[in-house]
Amino acid sequence: MLGIPRRYSHFVFGIIQSGLTSLIAAGIASLPAASATIFVGHWMVSWLIAWAAMLPIVVLAAPAIRAFSLRLTREETKGESPA
């Protein structure tokens with residue numbers, strides 16, 4: 001393990017989440033490529049651009065999204081069955 005302090009876990013989460021999401025989206029956008037070689041090259045360049053754009057957005061937006069999702073939901077009380 002890298003030994004990154006737990007207090008930075010939200011940054012690690014943001015890096016992983018934005019990397020995975022942009023990798024998948026760039027791959028889907030690159031599907032119309034004429035050959036496998038063109039596809040892979042286009043996919044990697046697109047992914048790096050998308051990741052560079054999404055990483056700061058994800059890391060900065062995550063606290064606001066978390067707070068908003070907590071406002072939209074409620075804590076379940078003991079003995080309460082899910083509807």
Response to the item:
When rounded to the nearest 0.5 Å, the distance separating NE2 of His10 from CZ of Arg66 is 8.0 Å
Item to complete: Answer with yes or no whether the hydrophobic clustering places Ile24 together with Trp43; edges join I, L, V, M, F, W, Y residues whose side-chain heavy atoms lie under 4.5 Å apart.
Response: no
Worksheet, complete the sentence: CG of Leu60 to CD1 of Ile65, rounded to nearest 0.5 Å, is 10.5 Å
Practice prompt. Establish whether Leu20 and Ile28 are linked, either directly or via other cluster members, by ILVMFWY side-chain heavy-atom contacts under 4.5 Å.
Written response: yes
Item to complete: Verify the cluster assignment for Val40 and Leu31: are they in a single hydrophobic cluster under the rule of side-chain heavy atoms below 4.5 Å apart?
Response: yes
Worksheet item: Out of curiosity, does Val12 fall in the hydrophobic cluster containing Val59 (side-chain heavy atoms, cut-off under 4.5 Å, transitive links)?
Response: yes
Worksheet entry | OG1-NE2 distance between Thr37 and His42, expressed to the nearest 0.5 angstrom | 14.0 Å
Worksheet item: Looking at OG of Ser22 and CG of Leu48, how far apart are the two atoms once the value is rounded to the nearest 0.5 Å?
Response: 8.5 Å
Item to complete: Kindly work out whether a path of hydrophobic side-chain contacts (I/L/V/M/F/W/Y, heavy atoms less than 4.5 Å apart) joins Leu72 to Leu70.
Response: no
Worksheet entry | Distance-minimising heavy-atom pair for Ala33 and Ile38 | CB-CG2, 3.9 Å
Worksheet entry | Non-hydrogen side-chain atoms of Ile15 and Trp51 separated by less than 4.5 Å | yes
Fill in: Check: Met44 and Leu23 side chains under 4.5 Å, non-hydrogen atoms
yes
Item to complete: Kindly give the heavy-atom pair with the smallest separation between Ser18 and Leu55, and that separation in Å.
Response: OG-CD1, 3.4 Å
Response to the item:
Between Ala52 and Pro56 the two heavy atoms that sit nearest each other are O-CD, 3.3 Å
Practice prompt. Say whether, by atom type as modelled, one donor and one acceptor occur between the side chain of Trp47 and the main chain of Ala25 under 3.5 angstrom.
Written response: no
